[in-house]
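Just so we're clear, the structure is a prediction, and the values are computed from it rather than from any experiment. Note that the numbering runs from 1 along the sequence shown for the chain.
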Amino acid sequence: QLQASGGGLVQAGGSLRLSCAASGRTFSSYGMGWFRQAPGKEREFVAAINWDGIRTYYTDSVKGRFTISRDSAKNTVYLQMSGLKPEDTAVYYCAAGARFSYYTERSYDYWGQGTLVTVSS
């Protein structure tokens, strides 16, 4: 089970930290990712991190603003978001797996329920 939290309403330029806590099993050997789905749009890749936290991957629109990290001892993955923009408004989902690609939804086996991030202008 993956439980995403930390979403909320924030003004443009503000920051939020999303958390994705795993329970029921350990995901320490899995790549982890964050995806988001804005209203009326398809879900898209945001960021991912490999199993040991050494390699990270970001979509171009969030590079330099978002940082993904993981704490294997806590079985938790984080997404630190700063410099938020209205276009970052979306439901954010965490996922575990990344069997063959960090960027592709089909590569992930486990999904959290999503947490809503709303950025006001």
* **Test item: Phe66 and Leu84 side chains (from C-beta on) under 4.5 Å apart, heavy atoms** => yes
Between the OH atom in Tyr78 and the OG atom in Ser19, the distance rounded to the nearest 0.5 Å is 5.5 Å
CZ of Arg36 to CD of Glu42, rounded to nearest 0.5 Å, is 14.0 Å
Q) Do we see a donor-acceptor contact under 3.5 Å between the side chains of Thr104 and Ser107? A) no
Applying ring pair (Phe, Tyr, Trp, His ring centres under 6.0 Å) to Tyr102 and not counting sequence neighbours gives Tyr57
Rounding to 0.5 Å, atoms OH (Tyr93) and CD (Gln37) come to a distance of 5.5 Å
Are the aromatic rings of Phe45 and Phe35 close, with centres under 6.0 Å apart?
-> yes
N/O donor to acceptor pairs below 3.5 angstrom from side-chain atoms of residues 111-121, sequence neighbours left out:
residue : atom : partner : partner atom : Å
Gln113  : OE1  : Ala4    : N            : 3.3
Gln113  : NE2  : Ala4    : O            : 2.9
Thr115  : OG1  : Gly7    : N            : 3.1

Exercise. Side chains of Tyr30 and Arg99: donor-acceptor distance under 3.5 Å anywhere?
Worked result: no
* To do: Count the heavy atoms of every other residue, nucleotide or ligand shown that sit under 6.0 Å from CD of Glu87, and state whether that count exceeds 12.
  => yes
NZ of Lys63 to OG1 of Thr56, rounded to nearest 0.5 Å, is 9.5 Å
Arg65 side chain near Asp88 side chain, heavy-atom distance below 4.5 Å: yes
### Message
Salt bridge or not between Arg70 and Asp52? Use side-chain N to carboxylate O under 4.0 Å.
### Response
no
With sequence neighbours left out, the residues meeting ring pair (Phe, Tyr, Trp, His ring centres under 6.0 Å) with Tyr92 are none
Q.
I want to check something: taking the side chain as every heavy atom from C-beta on, are Tyr110 and Arg25 in contact at a cut-off of under 4.5 Å?
A. yes
